[in-house]
Amino acid sequence: MTTIGEIGEDALIALFAPRLPETDAEILGPGDDAAVVAVDGHLVVSSDVLVEGRHFRREWSTGADVGWRAAMQNLADIDAMGAVPTSLQITLCAPSDLDVDWVLDFADGLREACEPHGVGVVGGDLSGADQIVVSVTVLGETHGTEVVTRADAHPGMVVAVSAPLGAAAAGFALLDAGVDAVPEASQLFKRPRPIVGAGLEAALRGAAAMMDISDGLLRDAGRIARASEVGIALDSAAVPVHPAATSAAAALGVDALRFALTGGEDHALLAVFPSVSSVPPGWEVIGEATDAFAGVRVDGQVPDAVGWDHFSR
Ligand SMILES: Nc1ncnc2c1ncn2[C@@H]1O[C@H](COP(=O)(O)OP(=O)(O)O)[C@@H](O)[C@H]1O
Ligand SMILES: Cc1ncc(C[n+]2csc(CCOP(=O)(O)OP(=O)(O)O)c2C)c(N)n1
Ligand SMILES: [Mg+2]
């Protein structure tokens with residue numbers, strides 16, 4: 001093994017940069033003080049960070065898995081605005097004893113996730129650190145539609161999700177318990193597979209409010225409720241539970257619905273539509289926006305757990 005400390009920063013960039021995905025939006029890519037990116041419509045920008053030990057463990061995830069996930073959760077944030085992602089800035093902080101191959105593998109994961117969507121890496125930064133930290137900024141653009149915020153749901157509208165939930169949380173629970181029972185769930189934790197483009201389709205069909213679910217359906221529904229000043233009433237029986245979450249829950253002897261309600265990290269979309277007829281095919285209606293109360297209720301009850309909070313555990 002060769003460490004990044006042995007080859008140094010310039011040699012690492014020289015190996016890393018050619019493996020990165022490219023985008024047609026790139027006017028000037030890695031190698032200068034800043035990148036230059038063409039943009040149509042409005043510029044839509046978001047950042048997310050992945051911290052070793054907090055978001056991933058090196059014994060569970062390969063460099064490619066971390067690259068995939070870093071890209072995907074950022075693509076999902078732009079999609080959740082009803083916009084189209086074009087490019088990423090990637091900052092990698094890492095200990096000098098990290099294997100160069102981990103970094104090259106990380107680039108390959110970024111490329112695998114981005115290439116199908118025409119998204120490129122246009123720049124970033126490197127630093128030493130005691131643990132691996134990956135910070136991603138994603139740039140996107142609107143394509144002839146207004147962005148869909150969290151703030152425009154109204155009472156009487158319907159609440160829907162774009163895909164079955166709970167697989168990533170179930171995979172995390174399996175890995176954490178050291179139970180190798182449902183590889184599909186563990187894989188979906190390491191490499192979530194949101195359908196990039198589902199958000200633009202929802203926007204074109206008139207979605208009023210939308211976000212990707214990262215911290216758990218209930219916590220994130222609460223964010224739409226707060227931003228839109230509505231209540232959200234969910235029907236637990238209507239929430240689609242991913243089959244891998246159901247299998248994992250059986251293996252662990254826990255409740256699969258809990259993975260779907262509070263799990264997060266699937267990066268499926270939660271959206272509020274004016275009516276059932278505007279909900280895109282493949283989505284599931286799980287409840288409605290109300291004005292009877294603030295916050296989220298499940299089957300009429302205030303839930304006891306809602307999802308992930310970085311600072312409260
Ligand atoms: N350090 C920060 N400075 C400014 N805004 C922040 C910061 N951290 C989070 N935010 C903003 O708070 C909002 C919620 O953040 P977050 O929960 O991370 O969203 P998401 O789940 O979409 O990644 C976002 O609009 C984000 O830009
Ligand atoms: C090692 C490890 N421990 C715990 C988790 C679970 N976890 C970490 S962050 C998170 C929530 C989503 O991450 P966040 O950074 O809040 O994403 P954002 O809301 O900013 O998109 C969850 C469920 C994990 N993925 N990996
Ligand atoms: Mg975030």
Side-chain angles (χ1 to χ4, degrees), residues 1-39 43 45-78 84-140 187 189-194 196 267:
M1 137 169 155
T2 308
T3 68
I4 61 174
E6 284 163 347
I7 68 166
E9 200 176 325
D10 288 346
L12 185 62
I13 293 176
L15 289 171
F16 179 68
R19 300 171 88 107
L20 293 170
E22 290 177 14
T23 169
D24 292 344
E26 178 182 301
I27 296 169
L28 184 63
D32 219 300
D33 295 309
V36 182
V37 177
V39 61
L43 177 66
V45 60
S46 178
S47 299
D48 259 326
V49 68
L50 292 177
V51 178
E52 182 178 6
R54 302 278 179 149
H55 294 90
F56 66 91
R57 291 192 202 158
R58 257 190 273 173
E59 63 264 33
W60 295 347
S61 296
T62 64
D65 292 336
V66 176
W68 172 282
R69 188 145 138 224
M72 265 312 170
Q73 70 180 64
N74 279 276
L75 301 186
D77 276 323
I78 297 300
V84 178
T86 61
S87 43
L88 305 178
Q89 289 263 343
I90 304 287
T91 295
L92 175 65
C93 309
S96 52
D97 64 0
L98 184 66
D99 193 339
V100 171
D101 284 344
W102 193 96
V103 181
L104 302 186
D105 201 30
F106 170 69
D108 292 345
L110 289 168
R111 200 179 60 241
E112 280 177 68
C114 290
E115 254 176 9
H117 310 293
V119 172
V121 173
V122 293
D125 196 18
L126 291 173
S127 172
D130 295 336
Q131 61 198 341
I132 299 175
V133 177
V134 177
S135 173
V136 181
T137 296
V138 57
L139 306 178
Q187 187 62 18
F189 165 74
K190 293 185 273 189
R191 294 196 178 209
R193 296 185 173 273
V196 179
H267 299 287

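Here the shortest heavy-atom pairing between V136 and I90 reads CG2-CD1, 3.8 Å. When all heavy atoms of I78 and P85 are compared, the pair lying nearest together is CG2-N, 3.5 Å. Closest of all the heavy-atom pairs between L98 and A94 is CD2-CB, 3.7 Å. When all heavy atoms are compared, the tightest approach of L20 to A107 is CD2-CB, 4.0 Å. In this structure, G123 and P30 approach most closely via the heavy-atom pair N-CG, 4.2 Å. Closest heavy-atom contact between M72 and A113: CE-O, 4.1 Å.
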Using the side chain to side chain contact (heavy atoms under 4.5 Å, CB included) rule, take L50 and Q73 through it: C-alpha gap first, then chi angles, then the decisive distance, then the call.
CA-CA 10 Å; L50 292 177; Q73 70 180 64; 3.4 Å; yes

If you apply the rule side chain to side chain contact (heavy atoms under 4.5 Å, CB included), what do you find for T91 with L126, and how did you get there?
CA-CA 6 Å; T91 295; L126 291 173; over 6 Å; no

Dump the intermediate steps for side chain to side chain contact (heavy atoms under 4.5 Å, CB included) on T86 and V39, then the final yes or no.
CA-CA 9 Å; T86 61; V39 61; over 6 Å; no

Under the side chain to side chain contact (heavy atoms under 4.5 Å, CB included) criterion, do D48 and D77 qualify, and how do the steps go?
CA-CA 9 Å; D48 259 326; D77 276 323; 2.8 Å; yes

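Ion pairing of R57 with E52 is absent here, as no side-chain N (NZ or NE/NH1/NH2) approaches a carboxylate O to less than 4.0 Å.
With rounding to the nearest 0.5 Å, the separation of CG in N74 from OG in S87 is 11.5 Å. From E9, atom CD reaches atom OG of S96 across 12.0 Å, with rounding to the nearest 0.5 Å. Rounding to the nearest 0.5 angstrom, the gap separating the NE2 atom in H55 from the CD1 atom in I132 is 14.0 Å. Here M1 contributes atom CE and D99 contributes atom CG; the two are 5.0 Å apart, rounded to the nearest 0.5 Å. Within the model, atoms CG of L75 and SG of C114 stand 5.5 Å from one another, a figure rounded to the nearest 0.5 Å.
Here the side chains of V66 and R69 are not in contact, with every heavy-atom distance at 4.5 Å or above. Looking only at side-chain heavy atoms (C-beta outward), V119 and T23 stay at 4.5 Å or farther from each other. Residues I4 and V103 have side chains in contact (heavy-atom distance under 4.5 Å, counting atoms from C-beta outward). A 4.5 Å side-chain heavy-atom check between W68 and P192 finds at least one atom pair inside the cut-off. With a 4.5 Å cut-off on side-chain heavy atoms, L88 and L139 do not count as touching.
A donor-acceptor contact shorter than 3.5 Å is absent between the side chain of E26 and the backbone of V37. Without hydrogens or angle criteria, D32 side chain to L28 main chain gives no donor-acceptor distance under 3.5 Å.
Atom CG of D10 is surrounded by 12 or fewer heavy atoms from other residues, nucleotides or ligands within 6.0 Å. In E22, the CD atom is not crowded: 12 or fewer heavy atoms of neighbouring residues, nucleotides or ligands sit closer than 6.0 Å.
For the pair R19 and F106, the cation-pi test (distance below 6.0 Å, angle within 45°) is failed.
Considering D101, D105, D108 as possible partners of T62, the one that fulfils the side-chain contact (heavy atoms from CB on, under 4.5 Å) test is D105.
Aromatic ring centres of F56 and W60 lie farther apart than the 6.0 Å criterion allows.
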